[in-house]
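Hydrogens, waters and symmetry mates are skipped; everything else that's a heavy atom, side chains included, is used. Reminder, nothing fancy here: chain letters follow the sequence lines and each chain counts from 1. All figures in this text were calculated on a predicted structure; none of them were measured in a lab.
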There are 2 protein chains.
Amino acid sequence: MTADPSPPVRLPEPPTRPTLTREYLATAALALIDTHGLRKFSMRKLGAAVGFDPMAVYRHYADQEDLFDGVAEALFAEIDVGTLPWDGPWRRLARDYCLRLRDTLLRHPHAVQVFATRPVRSPASIDTGVKMLTKLRDDGIPPAQALRLFRCLREFTVGHALAIAVTRLGAGRRSRRPGPGSPDYNLLAEAADATTPDDHFEAGLTAILHGFEQPAP
Amino acid sequence: MTADPSPPVRLPEPPTRPTLTREYLATAALALIDTHGLRKFSMRKLGAAVGFDPMAVYRHYADQEDLFDGVAEALFAEIDVGTLPWDGPWRRLARDYCLRLRDTLLRHPHAVQVFATRPVRSPASIDTGVKMLTKLRDDGIPPAQALRLFRCLREFTVGHALAIAVTRLGAGRRSRRPGPGSPDYNLLAEAADATTPDDHFEAGLTAILHGFEQPAP
DNA sequence: AGTTTAAATCTACATCGTAGACAGAGGCGA
DNA sequence: TCGCCTCTGTCTACGATGTAGATTTAAACT
């Protein structure tokens with residue numbers, strides 16, 4: 001070590017900084033959003049957070065909209081659709097897909113609205129759609145009807161995740177819920193006390209899944 | 001006119017500029033968002049658009065978040081729940097409520113995400129909730145179960161409106177859908193051609209409405 | 001009239017998204 | 001090997017933006 005004459009100090013490890021990648025930037029952006037919230041996120045902070053120039057991101061994404069598309073893609077990738085029960089009955093497959101989607105989104109409450117506010121058209125997403133429709137068709141469900149079913153499931157699931165994320169994050173920002181005995185303790189407050197904010201989700205899934213059993217007349 | 005000595009000129013009509021109101025600001029903000037998009041909206045533009053100082057808005061709303069709460073409230077008011085068929089069967093009432101909510105949101109595609117990303121806790125919204133639960137309870141549905149049902153309906157409806165608004169606004173931003181004959185014309189594209197982006201909505205409502213018929217065991 | 005108070009205005013600041021010019025490094029044909 | 005080209009990252013710059021704070025104006029009340 002001390003024998004090397006020319007450089008006065010050999011840094012212990014040039015901390016492997018090859019180049020930036022779209023994928024890496026997207027996941028880094030997601031991590032930033034997770035920890036500091038969507039409101040505080042900025043392109044410059046992302047560049048700085050990964051140890052590059054604040055403007056470096058623009059070499060890989062045209063603008064913030066483009067970056068957020070990448071974040072949505074990263075979220076979809078996290079669902080890991082490959083490990084879904086593709087060989088089981090289609091109803092279970094669809095149900096598990098929705099549960100996974102919900103869990104994934106709720107793991108990133110600050111990023112849910114990024115996912116919810118854009119149509120995800122990534123190849124991975126399209127492939128999954130094709131695979132789903134193919135399976136349902138093989139089980140006798142016409143693709144058009146299957147697509148309608150999945151649109152329902154997806155909109156419900158995303159709407160649910162968004163609602164849950166938003167109430168969890170915004171908790172405390174507004175008035176507390178009235179407790180029993182308060183003049184505002186109405187039927188709604190009473191019912192809210194008798195439920196959890198999310199104990200309707202699986203029932204909703206079941207309802208949609210069963211409502212689509214019989215094909216359109 | 002000319003006899004009045006003290007003011008040199010009497011303006012023909014002081015164009016009725018009394019003071020700003022929270023409500024007026026909220027609807028003006030909604031109008032601005034409608035015409036120029038949420039992205040281009042700013043607090044200063046709102047102040048200027050209503051003919052006041054750019055900073056005037058902050059006298060009535062603490063910050064942008066607060067303003068958007070007001071915008072969501074204005075959207076809810078536009079549903080005009082008072083004219084719903086409160087005397088008909090509850091299923092029809094709930095269905096019409098969802099349809100109205102969807103139509104209202106889709107009339108403001110740029111503002112849907114403002115509505116979707118906050119829990120609306122306005123008095124008007126709470127009153128509606130109480131009225132709904134009361135009606136359902138009178139029809140034999142336990143309030144907790146009714147609340148679960150309405151959460152499903154609401155999340156589905158908002159999720160749907162958001163999805164539709166987002167695809168309509170973003171149309172053209174990305175690759176066109178592959179046409180028949182293209183190598184990418186897969187089962188998904190085929191099914192998409194056989195459906196409209198929203199012809200599943202009413203079926204979804206029906207499914208949820210029927211799935212909740214039998215109370216939890 | 002004088003005083004209190006709310007509403008509106010003005011100034012100021014840090015930050016943001018993004019455009020555009022510039023720099024170094026690696027590849028590649030000559 | 002040389003010169004060139006392209007790709008990535010850097011730097012500077014500009015016009016907004018959200019919001020804090022001091023200041024003015026006008027209305028309301030005593």
Side-chain angles (χ1 to χ4, degrees), chain A residues 7 11 14-30 32-33 35-72 110-111 113-114 117-118 169-170 173, chain B residues 6-11 13-30 32-33 35-72 110-111 113-114 117-118 170 173:
Chain A
L11 291 177
T16 57
R17 197 185 87 150
T19 73
L20 286 176
T21 315
R22 278 178 68 95
E23 246 196 72
Y24 177 63
L25 280 172
T27 61
L30 178 54
L32 263 190
I33 292 171
T35 53
H36 295 104
L38 185 58
R39 203 103 218 142
K40 305 267 195 184
F41 175 85
S42 82
M43 300 292 278
R44 306 163 108 111
K45 281 179 189 163
L46 174 58
V50 295
F52 285 76
D53 186 90
M55 302 285 98
V57 187
Y58 285 97
R59 286 288 149 199
H60 302 266
Y61 287 101
D63 52 20
Q64 195 173 74
E65 194 65 14
D66 195 17
L67 204 223
F68 283 174
D69 286 352
V71 172
H110 290 283
Q113 67 171 295
V114 173
T117 53
R118 66 203 71 239
L169 294 178
R173 196 164 56 85
Chain B
S6 61
V9 178
R10 172 80 84 179
L11 292 178
E13 182 68 43
T16 59
R17 198 185 84 151
T19 75
L20 252 18
T21 315
R22 277 177 70 94
E23 246 196 72
Y24 176 62
L25 280 173
T27 61
L30 179 55
L32 262 190
I33 292 171
T35 53
H36 295 104
L38 185 59
R39 202 103 218 143
K40 304 269 194 181
F41 175 85
S42 83
M43 300 293 276
R44 307 164 108 109
K45 282 179 189 162
L46 173 58
V50 296
F52 284 76
D53 185 89
M55 301 286 98
V57 187
Y58 284 97
R59 284 285 142 199
H60 302 266
Y61 287 100
D63 52 19
Q64 196 173 74
E65 194 66 14
D66 194 17
L67 204 223
F68 284 174
D69 285 352
V71 171
H110 290 281
Q113 68 171 292
V114 173
T117 53
R118 67 203 69 238
R173 196 163 57 85

Quiz item: D:dT17 phosphate, OP1 or OP2: any side-chain N/O from B:Lys45 under 4.0 angstrom?
Solution: yes

Self-check item: Under 3.5 Å donor-acceptor, B:Thr21 side chain and B:Tyr24 backbone
Solution: no

Quiz prompt | Minimum-distance nucleotide to A:His60 side chain [options: C:dA8, D:dT17, D:dT8] | solution = D:dT8

Exercise. Would you list the pairs meeting side-chain hydrogen bond (donor to acceptor under 3.5 Å, both in side chains) in which at least one residue belongs to residues 57-66 of chain B, sequence neighbours left out?
Key: A:Arg39-B:Gln64, B:Glu65-B:Arg118

Quiz prompt | Sequence-distant partners of A:Leu169, side chain to side chain contact (heavy atoms under 4.5 Å, CB included), two or more places apart | solution = A:Pro109, A:His110

Quiz item: Can you tell me how far P of C:dG17 sits from CG of A:Asp66, to the nearest Å?
Solution: 14 Å

Quiz item: How long is the line joining CG of A:Leu38 and P of C:dC16, in whole Å?
Solution: 13 Å

Practice problem: Mind calculating the distance between CG (B:Asp53) and P (D:dA26) to the nearest angstrom? | Solution: 14 Å

Quiz item: Roughly how bent is the helix from C:dA1-D:dT30 to C:dA30-D:dT1 end to end, in steps of 10 degrees, with each end axis from five pairs?
Solution: 10°

Exercise. Mind checking the CD1-NZ spacing from A:Ile33 to A:Lys45? Nearest 0.5 Å is all I need.
Key: 11.5 Å

Exercise. Report the distance from atom CG of A:Leu38 to atom CG of A:Leu30, rounding to the nearest 0.5 Å.
Key: 10.5 Å

Self-check item: Nearest-Å distance for atom pair OH/P, residues B:Tyr24 and C:dA7
Solution: 17 Å

Quiz item: Atom CZ of A:Arg22 and atom OG1 of A:Thr27: how far apart are they, to the nearest 0.5 Å?
Solution: 12.5 Å

Exercise. Take the protein atom CG of A:Leu46 and the nucleotide atom P of C:dG17, then report the distance between them rounded to whole Å.
Key: 10 Å

Quiz prompt | Which atom of B:Val71 lies closest to which atom of B:Ala26, heavy atoms considered | solution = CG2-O, 3.9 Å

Exercise. Can you tell me the distance, in whole Å, between the CZ atom of B:Arg22 and the C1' atom of C:dA7?
Key: 15 Å

Quiz item: Please give, in whole Å, the distance from C:dA8 C1' to B:Leu25 CG?
Solution: 12 Å

Short heteroatom pairs, N/O only, protein and nucleotides 19-22 of chain D, under 3.5 Å:
residue: D:dT19; atom: OP2; partner: B:Tyr58; partner atom: OH; Å: 3.1
residue: D:dT19; atom: OP2; partner: B:Gln64; partner atom: N; Å: 2.9
residue: D:dT19; atom: O4; partner: B:Arg44; partner atom: NH1; Å: 3.3
residue: D:dT19; atom: O4; partner: B:Arg44; partner atom: NH2; Å: 3.4

Exercise. Return no unless some side-chain N or O of B:Thr19 is found under 4.0 Å from OP1 or OP2 of C:dA6.
Key: no

Exercise. Please list, chain by chain and in numerical order, all residues satisfying side chain to side chain contact (heavy atoms under 4.5 Å, CB included) with A:Ala28, sequence neighbours excluded.
Key: A:Leu46, A:Val50

Quiz item: Atom CZ of B:Phe52 to atom P of C:dT9: distance rounded to whole Å?
Solution: 6 Å

Quiz item: Less than 4.5 Å apart, any side-chain heavy atom of A:Phe41 and any of A:Leu67?
Solution: yes

